[in-house]
Amino acid sequence: MNAALLADLRAALDAGAVLVDDEVTSRAAGFMQTDKLKARVLVRPRTTQHVAAVLRLCHAAGQPVVTHGGLTGLVHGADATPVDLVLSLERMNAIEEIDPLQRIAVAQAGVTLQALQEAADEHDLCFPLDLGARGSATLGGNASTNAGGNRVIRYGMMREMVLGIEAVLADGRMVSSLNRMIKNNAGYDLKQLFIGSEGTLGVVTRLVLRLREKPRSQDVALVAVAGFDRLAALLKHMDRALGGGLTAFEAMWREFYELVTTPPALSRPAVPHGHPYYVLVESMGADAARDSARFGAALETAYDAGLVADAVVAGSDRERAALWAIRDDVMQVARDGMPFIFDVSLPIFAMEGYVEEVRAALAARWPDHRCWVFGHLGDGNLHLVIRAGAPDPETRSGVEHLVYGPLARIGGSVSAEHGVGLEKKPYLGISRNAEEIELMRTIKRSLDPRNILNPGKIF
Ligand code: ZN
């Protein structure tokens with residue numbers, strides 16, 4: 001970066017907004033990354049106007065820009081290089097408005113997911129996006145990656161919760177598209193350009209988000225299931241029987257369940273080991289007594305139909321939290337060294353065969369591999385966590401081919417909810433055809449002709 005650009009940035013922003021040297025390189029590079037942040041400079045604007053000023057200067061200078069939210073992504077989508085400028089939205093952390101009648105929130109992009117959840121809760125509302133990194137992940141990052149998480153089956157992904165967006169284009173033009181209505185078909189839905197495009201088309205600075213009425217009841221069960229066909233049938237059964245109340249259907253293959261319920265994991269088996277599949281089922285509604293009765297009856301008819309091998313239903317808040325703690329103790333997969341983490345989508349009918357195919361291929365090459373499978377079955381989204389051989393790039397690439405290869409034939413996706421970043425870039429062609437990728441490139445060239453926004457990510 002040239003000295004003139006640095007001086008221009010300092011002149012355009014307030015004191016404390018432009019960091020260099022140790023103030024940059026002492027920061028962590030990202031979640032589950034051991035190295036430090038590599039970048040020439042880090043700027044921390046406070047307003048959309050400041051972001052616009054930064055991008056105007058960077059566009060004129062041809063300076064690459066990597067936007068940072070909470071850095072909780074898993075696909076190296078926010079990795080920076082020593083020549084990059086990092087644009088951190090950490091000081092744009094104001095919740096500007098909550099309107100309980102319209103049921104919307106207006107917030108800056110640097111607000112954490114948890115902060116918005118808590119603010120909505122104070123108004124007896126809920127912001128239903130939820131994921132393990134809620135305390136650090138930001139709304140801007142949630143939008144830029146179209147985050148998913150645990151309750152997508154009921155509320156959809158981040159895309160379904162964003163009503164309006166304010167963003168800054170690569171050349172510094174501000175696009176304020178802060179729509180506040182659920183329905184607005186007046187032309188192109190421009191916010192979609194920025195949702196899920198991983199910071200390559202613009203910088204999201206403010207959002208209008210849809211809030212929901214806060215559920216009054218929560219029922220949770222952990223269910224053991226004797227076979228995959230029954231697991232798939234149980235999903236349909238519970239969804240139908242709960243009349244729209246189903247909020248989570250989190251499947252765990254045997255190996256994952258045993259990992260997170262055996263010391264040194266903190267949880268103990270709520271349902272005994274020995275079954276091939278386990279699933280955490282959750283329902284939320286408006287009437288605790290009636291909803292619990294309906295939930296119990298739905299499980300009972302599932303049992304009578306042979307879909308349930310064993311089950312435990314939580315009877316208190318503490319027990320509900322304990323069942324969720326089993327599913328949420330995902331970090332157990334890293335207790336003996338960093339594994340390879342995958343996030344794929346595929347139709348439910350193909351899941352059982354797919355997992356068996358991957359396991360067989362792994363066993364043939366790495367007989368002592370470990371493979372833990374769990375995920376959001378109702379969304380067709382599985383997470384595979386694999387330890388095989390040495391944790392080096394060559395092994396990783398070998399494992400990637402085994403995991404992603406079968407998805408082409410199945411019609412699955414190499415990224416269900418984590419995005420593409422750098423990690424899945426070589427495999428984008430498995431899930432997108434040449435015309436789709438060319439149209440993505442056309443959009444990228446049109447919005448960022450000098451290729452300064454998160455260059456090299458996605459494709
Ligand atoms: Zn997930």
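For reference, positions follow the sequence shown, starting with 1. Order of listing sets the numbers, starting from 1, for every ligand and every atom in it.
Side-chain polar atoms of R180 and Q102 form no donor-acceptor pair below 3.5 angstrom.
In this view, D121 and K214 satisfy the salt bridge (charged side-chain N to carboxylate O under 4.0 Å, His left out) rule, not counting sequence neighbours.
By the 30° and 60° cut-offs, the orientation of the rings of H418 relative to H383 is parallel.
Atoms of the protein (N, O or S only) found under 2.8 Å from the Zn ion (ligand 1) are H376 NE2, H383 NE2, E417 OE2.
The list of salt bridge (Lys or Arg N to Asp or Glu O under 4.0 Å) pairs with a residue in residues 256-279, not counting sequence neighbours, is empty. Screening residues 138-156 for salt bridge (Lys or Arg N to Asp or Glu O under 4.0 Å), with sequence neighbours left out, gives D130-R151, R151-E282.
Taking the ring axis of F342 as reference, the NZ or CZ atom of R396 stays within 45° of it and closer than 6.0 Å to the ring centre.
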